[in-house]
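Have a look at this one before I ask anything.
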Amino acid sequence: MRITIACPVAMTPDANHLAMVLAFGPADALTYNGGTWQDGAGNLYSAASGVIGSQFLGLATSPLARPSWDTGNVVNMAGAARAQAAVALIQGDASPLASPTQITAILGDDGLAALALMGLVPVEAAP
Amino acid sequence: MRTLAFRGLRLSRLGAMRGVGGGGPAGIASLFAGGQQGAWFDPSTLGTLFQDTAAATAITGAGQSVARINDRSGRDNHGIQDTASKRPTYQTAPARLALDKIDDVMLVTVPAGGWTGTMVLATDVGTASYEVTIPAGAYEIGGRDNGKYFPGGALVGQVIRNGSLTSGEKAAAEAEMVANGAVASYGAVTNMALFWRNRAEVTQFPLIDTSACTNLTSAWESCSNQVTVPSYDTSSVNNFRSAWYANSNIVTMTLLDTSSGSGFVLTWANCTSLTNFPANFFDDISGGDFDYAFYSTNLSEASIDNILVSLVASGIAAGTRRFLQTGGSAPSVAVGQPAIDTLRARGWTVIVTGGY
């Protein structure tokens, strides 16, 4: 199963802390970088897409615990919790459109199709 | 799990032995037999793929994320991805690293001195060999620019060798990768948007089959070390938007078939060295959207005249009709300016260097 996530650039610091909690380690602080996707209003997003295991959604929606590797308190747990609260997993009839006020997530095998469903396009070079 | 890991280790060692010419068949392995620097990534050798960066847990089946692909060249230039979401997915039939073209990329550390030579890149939609110059440091295997741009949907094989390959060596390497399941020709691809964007390491692109392609949007955008554009068959392309945007080392444009073309927005914008542009390039175009097409170029007077005269020859007098050039020379009084007059009489908005 694949999940594709669009994170408003303002939320990427918190979202990277959440990624460290839900994935494997400090390298997951690089999950979101830059604002290379944009919506129709010009709001910028960072996108990530990856294969997840069957336990992922349960972990992602449960109270967060500091990862066992994080003995040095690298993870900002308050930031991770803020990001978790901002996640909108699109299901049913909910609008799939990305919004600068939420972290939008869609399950599906085609990540690019998910971003298109969110109304996002790559940021183009300007002359 | 231990058994699987052990199997992976054994396969890895066998692969490495073949990779350095240790008794296996020649072919790609022979390209490194003299100790040449480079890398060889071969997803068909399952023992080179791992679920972790330390190479402790082997990839055992389709659908697993690949954290590490070991180099079969014998130089230990392995591909690594530390961040979970950026890892490609192993798939079979053919064995390949599927790329989401959002963030999937692996990094290889190119040693001091860098690599100048040939890259053979085999994908699920086409295979080709490129001349490259790659500086020392991190280099992206898979999607360029943090995983976003790749000429296909999956990596079936990749060789980079310091020191150019002969045409025979290129053909043999490509054939070996095609035997592993790569598609040989790009001839069936209709949409090449973003395929080679930001490939600044490529100094010479190969002549590939683009005969079915209708969309070249940003295909070679920011390929800043490309000097010569091959004579592609672009007869089916209707959208050339940003195709060669910011190719700052192109001086002379190659004559191409634009008979299906209608969209040329930003196509050569920021090609700051572009000086020579052939006559008759646009004689048979299908539409006239040239907004920012020649923004910040260095066109000679003869070249901008060639372009304007060719637009007149196209006869376009309906639909979008706009043209912009900045930088370089102004159109000539004798040839360019009368052409602009004709275009404006046909409803074009024309902005050129010099302000005529």
Side-chain angles (χ1 to χ4, degrees), chain A residues 1-7 12 15-16 18-37 45-54 56 59-60 67 69 98 103-118 120-127, chain B residues 51-54 62-67 80-91 98-105 107 143 145-150 153 191 193-194 197-198 217-218 221-222 241-242 245-246 265-271 291-297 324-327:
Chain A
M1 183 163 52
R2 171 174 291 276
I3 191 166
T4 301
I5 301 167
C7 180
T12 56
N16 279 326
L18 179 60
M20 282 191 281
V21 174
L22 298 178
F24 300 122
D28 295 303
L30 301 175
T31 298
Y32 305 97
N33 48 20
T36 56
W37 296 83
Y45 301 81
S46 179
S49 183
V51 175
I52 55 174
S54 57
F56 180 87
L59 289 171
W69 57 262
I103 298 171
T104 309
I106 291 182
L107 297 172
D109 288 336
D110 188 337
L112 288 175
L115 292 176
L117 203 59
M118 294 180 199
L120 301 179
V121 296
V123 175
E124 273 197 89
Chain B
Q51 298 182 53
D52 64 323
T53 58
Q64 295 174 336
S65 294
V66 180
I80 304 285
Q81 180 47 263
D82 290 313
T83 303
S85 73
K86 300 177 187 296
R87 294 172 179 169
T89 307
Y90 176 67
Q91 297 293 359
L99 304 165
D100 62 19
K101 299 178 83 163
I102 296 172
D103 59 357
D104 285 354
V105 64
L107 297 175
D145 200 5
N146 289 310
K148 291 194 287 294
Y149 313 125
F150 187 76
N191 185 355
L194 303 167
R197 182 173 171 177
N198 287 10
T217 298
S218 297
E221 179 175 330
S222 297
R241 184 185 179 102
S242 297
Y245 179 96
V265 175
L266 292 162
T267 301
W268 294 276
N270 287 324
C271 289
D291 205 17
Y292 287 96
F294 294 96
Y295 176 88
S296 193
T297 52
L324 185 143
Q325 172 219 8
T326 67

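Protein chains get the first letters and strands the later ones, always in sequence-line order, with residue 1 at the start of each. No hydrogens, no waters, no symmetry mates; every other heavy atom, side chains included, goes into these values.
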Region of B/A269 that comes under 4.5 Å of a non-hydrogen atom in chain A |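 For B/A269, no heavy atom lies under 4.5 Å from chain A.
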Could you tell me which residues satisfy side-chain hydrogen bond (donor to acceptor under 3.5 Å, both in side chains) with A/D28, sequence neighbours excluded, listed by chain and number?
->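 Partners of A/D28 under the side-chain hydrogen bond (donor to acceptor under 3.5 Å, both in side chains) test: none.
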Proximity of residues 109-116 of chain A to chain B, residues having a non-hydrogen atom under 4.5 angstrom |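 Counting heavy atoms that sit under 4.5 Å from chain B, the residues of residues 109-116 of chain A involved are A/G111, A/L112, A/L115.
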B/Q91 side chain to B/A62 main-chain N or O, any donor-acceptor pair under 3.5 Å?
->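 No: the side chain of B/Q91 does not pair with the backbone of B/A62.
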Exam field: side chain B/D291 to backbone B/V265, donor-acceptor pair closer than 3.5 Å =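 Checking the backbone N and O of B/V265 against the side chain of B/D291, no donor-acceptor pair under 3.5 Å is found.
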Measure the CG-OG1 distance between A/L18 and A/T12 for me, rounded to the nearest 0.5 Å.
->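 A/L18 CG to A/T12 OG1: 12.5 Å, rounded to 0.5 Å.
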Which atoms of B/E221 approach chain A - backbone, side chain, both or neither, heavy atom under 4.5 Å |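 Only the side chain of B/E221 comes within 4.5 Å of chain A.
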What part of B/D82 lies closer than 4.5 angstrom to a heavy atom of chain A: side chain, backbone, both or neither?
->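 Looking at B/D82, backbone and side chain both touch chain A.
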Backbone N/O of B/D145 and side chain of B/K148: donor-acceptor pair under 3.5 Å |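 Looks like yes, one N/O pair under 3.5 Å.
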Should the heavy atoms of other residues, nucleotides or ligands under 6.0 Å from CZ of B/F150 be counted, would the total exceed 12?
->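 Yes, the 6.0 Å shell around CZ holds more than 12 heavy atoms from other groups.
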Chain A contacts, top residue of B/T326, B/L194, B/T83, B/L266 (heavy-atom pairs, under 4.5 Å) =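 Option with the greatest count: B/T83.
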May I ask you to name which of A/T36, A/I52, A/L22 has the most heavy-atom pairs under 4.5 Å with chain B?
->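 Greatest number of close heavy-atom pairs with chain B: A/T36.
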Identify which of A/P26, A/A27, A/G50, A/A23 forms the greatest number of heavy-atom pairs closer than 4.5 Å to chain B.
->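 Ranked by contacts with chain B, first place is A/A27.
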Please round to the nearest 0.5 Å and tell me the distance separating atom OH of B/Y245 and atom OG1 of B/T267.
->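 The OH atom of B/Y245 sits 12.0 Å away from the OG1 atom of B/T267.
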Under 4.5 Å from a heavy atom of chain A, the part of B/D100 involved |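 When you check distances to chain A, atoms from both the backbone and side chain of B/D100 fall under 4.5 Å.
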Roughly how far apart are B/D52 CG and B/R87 CZ, rounded to 0.5 Å?
->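 One finds 8.0 Å between CG of B/D52 and CZ of B/R87.
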With a 4.5 angstrom heavy-atom cut-off, could you sort out which part of B/S65 is near chain A: side chain, backbone, both or neither?
->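 When you check distances to chain A, only side chain atoms of B/S65 fall under 4.5 Å.
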Could you have a look at A/G34, A/A47, A/P122, A/S49 and say which one has the most heavy-atom pairs with chain B under 4.5 angstrom?
->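 Option with the greatest count: A/S49.
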A/I5 CD1 to A/L107 CG distance, which is reported to the nearest 0.5 Å =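 Rounded to the nearest 0.5 Å, the CD1-CG separation comes to 9.0 Å.
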For B/D104, is it the side chain, the backbone, both, or neither that has a heavy atom closer than 4.5 Å to a heavy atom of chain A?
->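 Contact with chain A involves the side chain of B/D104 alone.
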State the CG-OG distance between B/D103 and A/S46, to the nearest 0.5 angstrom.
->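 B/D103 atom CG to A/S46 atom OG measures 8.0 Å (nearest 0.5 Å).
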To the nearest 0.5 Å, tell me how far B/N146 CG sits from B/K86 NZ.
->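 If we round to the nearest 0.5 Å, B/N146:CG and B/K86:NZ are 5.5 Å apart.
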